[in-house]
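Take a look at the structure below.
First the proteins, then the strands, lettered A, B, ... as listed; each starts at 1.
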Number of protein chains: 2
Amino acid sequence: MASKPRKKQRRKGRPANASTPQREAIRAAMEAANSPLTPKEILEHAQEHVEGLGLATVYRTLNLLAQAGVVQTVEIPGGAPRFELAGKGHHHHFYCRGCERVFELEGCPGNFAELSPKGFNLEGHELVLFGTCDACGRR
Amino acid sequence: MASKPRKKQRRKGRPANASTPQREAIRAAMEAANSPLTPKEILEHAQEHVEGLGLATVYRTLNLLAQAGVVQTVEIPGGAPRFELAGKGHHHHFYCRGCERVFELEGCPGNFAELSPKGFNLEGHELVLFGTCDACGRR
DNA sequence: GTCGGTGCAAACCTTTTGCAATCTA
DNA sequence: TAGATTGCAAAAGGTTTGCACCGAC
């Protein structure tokens, strides 16, 4: 180790976390949808605005936004991982086994503290409901 | 046409879903653990009883047992898929962010029907609590 | 000119599948 | 012997990473 680590001299080029057409398109795709989307779905929607957009950029951007707390991951047991914009307040999801779509739910029964064993520190929870949506139930 | 069997037509070879050392070891590994295990963990534990056991066999057996309702999948957001023996009654899980272990919880607040939108048919739910376990909380 | 962002392709990881060998009823 | 199970390796999906090029400050 001949040289000592330099301090971050980062103001030369473009600032980090810049707004780019790709990132705008990815965020727009998620805003347009009112339910969590898979990376593939995000790619397809965003490609309508930015041609040549690659899946790697979608993943990189999603990870970036997730780290910044702008997007949240939504994992449905038995389903593909999805992403949605954060900042909508605490809510949960309903997964329709018929059309495999995910719906956002309002409200939360909360109060799961009593389920935690003694000495455990409860920091959060995840709740997913399963069944059939209105349309699939009528079939 | 060949003669028709009068009793249960047991085929010539080994009956399907037979008990084998591999399957016994896999089931034993899950019984020994009091928390859901990942396929890799199951493989490592089962290999102590059956040398040369392959990961493919673990997956095949798990899928077989899952289809038969003997094991259940437990998916933790942000964690690897895990498997546990079924037949323990309805319960949920606590995921410790410190040691990344999964603990089984007793009881269930139930009654999530009111969260479902009108016309939706609720068939089931999945609940996961996050936080730190007793040991990790003392650190 | 620098440095971050992007696209492409290769690498990685997890899970599934094809196939020959093995084993049991 | 027939058919089921297994182990290995290859395949298949999904996600991440390396690298050269491009564009914004």
Nearest whole angstrom, please: distance from the [atom2] of [N] to the [atom1] of [X].
{"X": "A:N63", "N": "D:dT17", "atom1": "CG", "atom2": "P", "value": "8 Å"}
{"X": "A:E44", "N": "D:dG14", "atom1": "CD", "atom2": "C1'", "value": "14 Å"}
{"X": "B:E75", "N": "C:dT14", "atom1": "CD", "atom2": "C1'", "value": "13 Å"}
{"X": "A:L55", "N": "D:dT17", "atom1": "CG", "atom2": "P", "value": "14 Å"}
{"X": "B:E51", "N": "D:dT6", "atom1": "CD", "atom2": "P", "value": "17 Å"}
{"X": "B:E41", "N": "C:dC13", "atom1": "CD", "atom2": "P", "value": "17 Å"}
{"X": "A:I26", "N": "C:dG7", "atom1": "CD1", "atom2": "C1'", "value": "13 Å"}
{"X": "B:L62", "N": "D:dT6", "atom1": "CG", "atom2": "C1'", "value": "15 Å"}

First locate atom CE of B:M30, then atom CZ of B:R27, and finally report the distance between them rounded to the nearest 0.5 Å.
->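 Spacing of CE (B:M30) from CZ (B:R27) equals 9.5 Å.
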If you round to the nearest 0.5 Å, how far is NE2 of A:H125 from OG of A:S116?
->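 Rounded to the nearest 0.5 Å, the OG-NE2 separation comes out at 11.0 Å.
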Side chain of B:R23 (C-beta onward), nearest among C:dT14, C:dA9, D:dT5 |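 Of the options given, the side chain of B:R23 lies nearest D:dT5.
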Nucleotide of C:dT17, D:dG14, C:dT14 approaching B:A56 most closely (side-chain heavy atoms) |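 Closest of the options to the side chain of B:A56: C:dT17.
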What are the two closest non-hydrogen atoms of B:F83 and B:V71, and how far apart are they?
->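 Minimum heavy-atom separation between B:F83 and B:V71: CD2-CG2, 4.2 Å.
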Classify the side chain of A:R60 and the base of D:dG18 as holding, or not holding, a donor-acceptor pair under 3.5 Å.
->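 Between D:dG18 and A:R60, which were checked side chain against base, a qualifying N/O pair under 3.5 Å is present.
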Phosphate-side-chain proximity, [X] and [N], N/O vs OP1/OP2 below 4.0 Å:
{"X": "A:T57", "N": "C:dG7", "value": "yes"}
{"X": "A:N17", "N": "C:dG4", "value": "no"}
{"X": "A:T20", "N": "C:dT6", "value": "yes"}

Answer yes or no: are there more than 12 heavy-atom neighbours, outside B:E123 itself, under 6.0 Å from its atom CD?
->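 Counting neighbours around CD of B:E123, more than 12 heavy atoms of other residues, nucleotides or ligands fall under 6.0 Å, so yes.
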Do B:L122 and A:F103 share a hydrophobic cluster, counting only Ile, Leu, Val, Met, Phe, Trp and Tyr and linking them when any side-chain heavy atoms are less than 4.5 Å apart?
->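 B:L122 and A:F103: one cluster.
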Classify the nucleic acid contact of B:L53 as base, sugar-phosphate or nothing, counting any heavy atom under 4.0 Å across all strands shown.
->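 Sugar-phosphate contact only - B:L53 comes under 4.0 Å of backbone atoms but never of a base.
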